[in-house]
Novice: 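Below: one structure in structure tokens.
In what follows, every chain begins at residue 1, and chains take the letters A, B, ... in the order their sequences are listed. The figures that follow rest on heavy atoms only: side chains count, while hydrogens, waters and symmetry mates do not. All figures in this text were calculated on a predicted structure; none of them were measured in a lab.
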There are 2 protein chains.
Amino acid sequence: MIREGDEPGPVFVILEGWACRYKILPSGARQIMAFMIPGDSCDLHVNLLPEMDHSIQAITTATVATIPKATMQSLMADHPAIARAMYTAQLIDESIMRSWIVSMGRRSSIERVAHLMCELYLRAYSIGLVTDGEVALPLSQLVLADALGMTSVHINRVLKELRLAGAMALRRGSLDIIDPVKLIQIAGFDENYLHRRLRTGSDRH
Amino acid sequence: MIREGDEPGPVFVILEGWACRYKILPSGARQIMAFMIPGDSCDLHVNLLPEMDHSIQAITTATVATIPKATMQSLMADHPAIARAMYTAQLIDESIMRSWIVSMGRRSSIERVAHLMCELYLRAYSIGLVTDGEVALPLSQLVLADALGMTSVHINRVLKELRLAGAMALRRGSLDIIDPVKLIQIAGFDENYLHRRLRTGSDRH
DNA sequence: CGGCACATTGATACCGATCAATCGGGGTGG
DNA sequence: CCACCCCGATTGATCGGTATCAATGTGCCG
């Protein structure tokens with residue numbers, strides 16, 4: 001969708017499917033820095049920068065809306081509520097990035113995997129991607145590895161460990177959280193960084 | 001300066017000294033997610049979020065300006081140029097965070113250290129903290145370790161390696177870049193993510 | 001039906017953590 | 001003024017977690 005070095009164009013909003021931000025190092029290694037799910041958008045104000053410093057790619061087939069710069073500007077100017085919502089979304093994206101830095105720096109591989117699964121579960125939940133405790137997660141082990149700074153081989157072993165521990169099971173395309181408490185405990189997960197304001201009385205997650 | 005869980009207050013701007021954002025894990029481990037130097041500010045719009053998801057601490061004695069929410073809002077509304085500058089600064093902060101994720105995930109410890117030194121050198125340079133190729137870097141090895149996801153013991157060994165390689169030397173409080181080309185090569189450093197628009201004809205950095 | 005990408009498992013190497021001890025320097029109290 | 005003390009830096013020995021290399025299994029799609 002966007003390549004590093006490109007000139008920033010219109011703002012993207014994911015309507016359907018999954019995408020990710022990533023960088024490729026000279027060595028050829030890839031590091032994914034964010035997953036984007038329906039409702040997520042690329043940075044507003046990107047136009048302020050001369051060129052992109054990372055790439056964005058669809059993980060699944062996806063439908064994406066593009067909002068031209070001019071439309072965006074009038075939208076932000078004329079509708080304060082929309083502007084607020086976009087700034088808030090931006091802040092949460094940043095918060096998620098910070099939590100990824102924490103994961104990469106100070107969590108073991110099993111904690112990292114568990115933590116990411118907790119995050120993705122909640123994000124997927126809040127946009128209605130969860131049915132019967134199962135989440136549609138179209139992420140291959142190779143993609144997970146590139147997001148978590150590990151090898152796909154090692155991701156595989158960690159997933160096995162989590163399965164044997166009875167915490168969660170990740171099958172082709174869907175995540176099954178078996179024991180939420182155990183998973184959260186392993187991850188050391190604190191959802192405060194997601195700043196969810198979607199809670200309702202009936203929400204027991 | 002700010003503790004995780006606090007309610008966001010006024011916007012801070014660092015005038016002098018160094019500060020950092022960080023989180024403490026349940027295990028007691030600390031992960032630093034950003035260094036802030038004079039001219040850097042905390043997130044605008046933080047007020048949109050109900051509570052802080054991380055803490056901010058001064059590393060050295062520092063002088064900090066606080067801008068009340070109301071002042072900030074009128075400032076942004078009345079001076080488009082200032083608003084632009086703040087949005088740009090915000091975008092660059094994000095870009096730096098992304099590059100930290102890449103470092104933590106896919107760079108070896110020596111590459112990580114070299115990369116951070118390149119970044120801090122350029123940032124310090126652009127605000128005039130460099131004299132005779134020496135930068136004032138008031139960072140203890142323990143602080144560096146918490147920023148790079150390593151142990152202070154291992155940081156020490158890596159610094160020694162970089163010194164013996166003739167790339168750079170970090171003494172108490174000051175960084176001496178001996179062979180910039182070598183350091184950049186070790187780091188695999190590409191400054192594009194800093195989006196420096198300060199370049200002048202005489203700037204040979 | 002064949003091929004290909006992804007998942008799985010085993011054996012081994014190595015990087016960085018951990019534990020432990022010593023050193024050095026700057027600030028403080030006697 | 002000097003001795004002490006404490007924190008950060010340094011070095012050594014050892015352990016453990018992940019990467020790496022390699023081979024095989026498996027399901028999907030053309």
Side-chain angles (χ1 to χ4, degrees), chain A residues 18 20 25 27-32 57-61 103-117 136-165 168-176 186 188, chain B residues 18 20 25 27-32 57 59-61 102-117 136-165 168-176 186 188:
Chain A
W18 288 60
C20 66
L25 296 190
S27 67
R30 176 175 67 163
Q31 178 64 44
I32 291 174
Q57 194 179 38
I59 294 176
T60 66
T61 54
S103 274
M104 316 241 60
R106 290 293 182 215
R107 278 193 250 263
S108 71
S109 60
I110 190 169
E111 292 167 345
R112 275 212 294 283
V113 173
H115 198 274
L116 179 62
M117 292 305 140
L137 271 197
L139 305 176
S140 73
Q141 296 183 358
L142 203 147
V143 166
L144 285 176
D146 283 346
L148 294 169
M150 309 164 51
T151 308
S152 65
V153 172
H154 197 232
I155 283 273
N156 185 280
R157 293 192 227 270
V158 169
L159 287 177
K160 184 178 181 181
E161 196 176 339
L162 286 167
R163 203 184 321 128
L164 294 181
M168 50 157 276
L170 183 63
R171 279 174 294 278
R172 295 227 166 205
S174 94
L175 167 67
D176 182 9
I186 292 174
Chain B
W18 287 60
C20 67
L25 296 191
S27 68
R30 175 175 68 163
Q31 177 65 45
I32 291 175
Q57 194 179 38
I59 295 177
T60 65
T61 54
V102 174
S103 274
M104 317 242 58
R106 291 293 183 214
R107 278 192 252 263
S108 71
S109 59
I110 190 170
E111 292 167 345
R112 276 213 293 283
V113 173
H115 198 274
L116 179 62
M117 292 304 141
L137 272 198
L139 306 176
S140 74
Q141 296 183 359
L142 202 147
V143 166
L144 285 176
D146 283 346
L148 293 169
M150 308 164 49
T151 308
S152 66
V153 172
H154 198 232
I155 283 274
N156 184 281
R157 293 191 227 270
V158 169
L159 287 176
K160 184 179 181 182
E161 195 176 339
L162 286 167
R163 203 184 321 128
L164 293 182
M168 49 158 276
L170 183 63
R171 279 174 296 278
R172 294 225 166 207
S174 95
L175 166 67
D176 181 8
I186 292 174

Novice: Could you check how far CE of M104(A) sits from C1' of dG17(D), rounded to whole Å?
Specialist: 15 Å

Novice: Please classify the nucleic acid contact of S109(B) as base, sugar-phosphate, or nothing, using heavy-atom distances under 4.0 Å.
Specialist: sugar-phosphate

Novice: Can you find a side chain N or O atom of K160(A) that sits less than 4.0 Å from OP1 or OP2 on dT9(C)?
Specialist: yes

Novice: At 4.0 Å (heavy atoms only), tell me whether L159(B) reaches a base, stays on the sugar-phosphate, or touches nothing.
Specialist: nothing

Novice: To the nearest Å, how far apart are R112(B) CZ and dC15(C) C1'?
Specialist: 11 Å

Novice: Closest-nucleotide mapping onto DNA chain C: is T151(B) or Q141(A) further toward the 5' terminus? I mean the 5' end.
Specialist: Q141(A)

Novice: Applying a 4.0 Å non-hydrogen cut-off, can you work out what G173(A) is touching in the nucleic acid: base, sugar-phosphate, or nothing?
Specialist: nothing

Novice: Please determine if a side-chain N or O atom of N156(B) lies less than 4.0 Å away from the OP1 or OP2 oxygen of dA9(D).
Specialist: no

Novice: Check the distance between dA19(D)'s C1' and L148(A)'s CG and give it to me in whole angstrom.
Specialist: 15 Å

Novice: Quick check: do Q31(A) and L25(A) have side-chain heavy atoms less than 4.5 Å from each other?
Specialist: no

Novice: For S140(B), report the nucleic acid contact type (base, sugar-phosphate, nothing); a contact means any heavy atom under 4.0 Å.
Specialist: sugar-phosphate

Novice: Have a look at L139(A) and tell me which of L170(A), L144(A), T60(A), I32(A) forms a side-chain contact (heavy atoms from CB on, under 4.5 Å) with it.
Specialist: L144(A)

Novice: Among the nucleotides dA19(D), dA17(C), dG10(C), which one has an atom lying closest to any side-chain atom of H154(A)?
Specialist: dA19(D)

Novice: Any side-chain heavy atom of H154(A) sitting closer than 4.5 Å to one from L148(A)?
Specialist: no

Novice: Quick one: does R157(A) reach the base of dT20(D) with a side-chain donor-acceptor pair under 3.5 Å?
Specialist: yes

Novice: Could you go step by step and tell me if M150(A) and V158(A) meet the side-chain contact (heavy atoms from CB on, under 4.5 Å) rule?
Specialist: CA-CA 11 Å; M150(A) 309 164 51; V158(A) 169; 4.1 Å; yes

Novice: Could you state the atom-to-atom distance from CE of M150(B) to C1' of dA17(C) in whole Å?
Specialist: 11 Å

Novice: Return the value, rounded to whole Å, for the distance between atom CZ of R172(B) and atom C1' of dG25(C).
Specialist: 6 Å

Novice: Once you round it to whole Å, what is the distance between P of dT8(C) and CG of L162(A)?
Specialist: 13 Å

Novice: Under 4.5 Å between any side-chain heavy atoms of V153(A) and Q141(A), yes or no?
Specialist: no

Novice: For S152(B), report the nucleic acid contact type (base, sugar-phosphate, nothing); a contact means any heavy atom under 4.0 Å.
Specialist: nothing

Novice: Can you tell me how far P of dA19(D) sits from CG of L142(A), to the nearest Å?
Specialist: 12 Å

Novice: Could you tell me the separation between the CD atom of E161(B) and the P atom of dC14(C), rounded to a whole number of Å?
Specialist: 15 Å

